[in-house]
Amino acid sequence: MNIIASNKCHGGYWKRYQHFSNSCQCEMTFSIYFPSGYQGSYEFQQAPQSSSLPALFWLSGLTCNDQNFVQKAHVEQAANQFGFIIIAPDTSPRGIEIEGQDDTYDFGSGAGFYLNATREPWAKHYQMETYISQELYAAVVEQLPVDHARVGIFGHSMGGHGALTLALNYPEQFRSVSAFAPICHPVTCDWGKKAFSGYLQTAAEALRYDACELIKQGKRVTALMVDQGDADEFLAEQLGTEALIDVCQQHKIAAQITMRPGYDHSYFFIASFVAQHLAFHAEQLTS
C-alpha cells in the first residue's frame, strides 16, 4: 500500500493509497479518512495494532472515483464526532485496456457496479465485489486499528446499490448499511439491465446484485436507512425507491426511507444529510 497523497482536514487526515489488486489484476486507488485524535499508523501493517475504531466503507456512483466523496461530501466533522475511519474505494478498475471501456458513462470505466463480472473481456479485471468485500476489507480490518465487529457500509446511486447488496450478501462483515438515492431494483431499470447484460453471462446471476430480489430471497439486514430527493432527475426511471419500500414492508425489515423535498441527485444532497447517516451507523454499531 503506497501513500500517494495526504491532506489534513478538520484535524484528521485524508490519505490516498495505491496498490496492486489481486482481485482486479491492476493498480487500484482508494482514500481513507483518519479522524482527529487518531493515534495509529497510517501504514498498513501485518502486526496487530492496539486500539480499535469503527469504520465505514463509502461506495460512490457512476462516473466517480474515490475523490468525489473526499472533496464534496464534507464528512470529516461527523467522522471526528463518532470516531469513524472512512474508506472510499474507486468505482471500477483503472489503467487497463478493454475495448469499449470508455464509450459510455454507465458501463466500463467508473461503472463497475460492485459485482464480479463473468463475461469476457470484463471478467479478468471487473471483480469489484471480491475487491471490496474480501481484499480491501481484509486489509483494513487486519492491518489498521479497526474493530471488525463495528464495520458498516454506505453509498450513493450505483454505490448505494453496492452498499445494499454487499450488506445483504455479507451481513457478518458489514453490520450497518445506509444509502443515498440508491439503484434499488436494477434488474428493472436501464442502468442495471445494461450493466448486467454486459458484465454477466446469465440473467440469473443478476439476482445476486439486486437489493429487492435479495430481500425476496430471504436476505436481511437489521436496519436500513435511505435518503432520496424528490427532485432527483433519475428517480422515476432508474432508482426504484417504491419497490424497496414495498419489499421491506412485506419482509418486515426496519427501513427508514425518507423522501427529501427539493433535493436532487448531487453531492449537495449528500452533504446535507451525511452527518445523520453517520449518527445512524454509530447507533447501529454500538447496539
Heavy-atom closest pair, residues [X] and [Y]:
X    : Y    : answer
A79  : L278 : N-CD2, 3.5 Å
Q67  : S31  : NE2-OG, 3.0 Å
A163 : G155 : CB-N, 3.9 Å
T91  : M128 : C-CE, 3.9 Å
A282 : F82  : CB-CD2, 3.5 Å
D264 : S266 : OD1-OG, 2.7 Å

Option passing side chain to side chain contact (heavy atoms under 4.5 Å, CB included) with V221 (candidates L168, L214, I215)
L168
To the nearest 0.5 angstrom, please state how far the [atom1] atom of [X] sits from the [atom2] atom of [Y].
X    : Y    : atom1 : atom2 : result
I85  : L53  : CD1   : CG    : 5.0 Å
I4   : K15  : CD1   : NZ    : 12.5 Å
I3   : Y42  : CD1   : OH    : 9.0 Å
I245 : I253 : CD1   : CD1   : 13.5 Å
N169 : E129 : CG    : CD    : 6.0 Å
S36  : Q77  : OG    : CD    : 9.5 Å

Under the ring-ring contact (aromatic ring centres under 6.0 Å, His included) test against F174, which residue among Y137, F154, W58 passes?
Y137
Hey, is [atom1] on [X] packed in by over 12 heavy atoms from elsewhere, all under 6.0 Å?
X    : atom1 : answer
E99  : CD    : no
K124 : NZ    : no
E283 : CD    : no
Y105 : OH    : yes

Contact between [X] and [Y] at the side-chain level, heavy atoms closer than 4.5 Å - yes or no?
X    : Y    : answer
R150 : R175 : no
I153 : Y170 : no
T241 : D232 : no
D210 : H185 : yes
Q25  : Q127 : no
Q134 : Q173 : yes
Y114 : T165 : no
N2   : F20  : no

Look at the rings of F273 and F269 and say which category their plane angle falls in: under 30° parallel, 30 to 60° tilted, over 60° perpendicular.
perpendicular
Can you classify the ring geometry of Y126 versus W122 as parallel (below 30°), tilted (30 to 60°) or perpendicular (above 60°)?
perpendicular
Can you list the steps and then say if N116 with Y209 is a side-chain hydrogen bond (donor to acceptor under 3.5 Å, both in side chains)?
CA-CA 10 Å; N116 283 344; Y209 304 111; 4.7 Å; no
Same cluster (ILVMFWY, side-chain, under 4.5 Å), [X] and [Y]:
X    : Y    : value
L200 : F107 : yes
L115 : Y131 : yes
F57  : L285 : no
L56  : F44  : no
L166 : Y199 : yes

Go through H74 and Y267 one step at a time and tell me if the ring-ring contact (aromatic ring centres under 6.0 Å, His included) criterion holds.
CA-CA 9 Å; H74 308 301; Y267 267 85; 9.2 Å; no
Atom pairs and distances, side-chain donor-acceptor, residues 177-184, under 3.5 Å, sequence neighbours left out:
from	atom 1	to	atom 2	distance (Å)
S178	OG	H277	ND1	2.8
S178	OG	H281	NE2	2.8

side-chain hydrogen bond (donor to acceptor under 3.5 Å, both in side chains) between E135 and S21, worked out
CA-CA 8 Å; E135 185 175 3; S21 165; 2.8 Å; yes
Full working for side chain to side chain contact (heavy atoms under 4.5 Å, CB included) between I87 and V146
CA-CA 11 Å; I87 305 99; V146 167; 5.7 Å; no
Would you sort out whether E27 and R94 count as a side chain to side chain contact (heavy atoms under 4.5 Å, CB included), showing the intermediate values?
CA-CA 7 Å; E27 294 290 327; R94 307 281 180 172; over 6 Å; no
Check the pair E237, D190 against side chain to side chain contact (heavy atoms under 4.5 Å, CB included), reporting the backbone distance first and the verdict last.
CA-CA 8 Å; E237 300 296 329; D190 290 343; 5.8 Å; no
Any pair counted as side chain to side chain donor-acceptor pair (under 3.5 Å), so long as it reaches residues 247-261, sequence neighbours left out
D227-R260
Whether the side chain of [X] engages the backbone of [Y] through a donor-acceptor N/O pair (distance < 3.5 Å, no angle test) should be reported.
X    : Y    : answer
N68  : S60  : no
T118 : Q201 : yes
Q238 : W191 : yes
Y263 : I270 : no
Q228 : L239 : no

All ring pair (Phe, Tyr, Trp, His ring centres under 6.0 Å) counterparts of H265, not counting sequence neighbours
H156, F234
Could you go step by step and tell me if S6 and Y13 meet the side chain to side chain contact (heavy atoms under 4.5 Å, CB included) rule?
CA-CA 7 Å; S6 177; Y13 277 94; 3.7 Å; yes
What I want to check is whether the side chains of W14 and Q71 have a donor and an acceptor closer together than 3.5 Å.
no
Going by distance alone, is a donor N or O of one side chain under 3.5 Å from an acceptor N or O of the other, for T29 and D90?
no
Checking ring-ring contact (aromatic ring centres under 6.0 Å, His included) for the pair F113/H161: CA distance, chi angles, key distance, verdict?
CA-CA 8 Å; F113 268 82; H161 140 79; 5.6 Å; yes
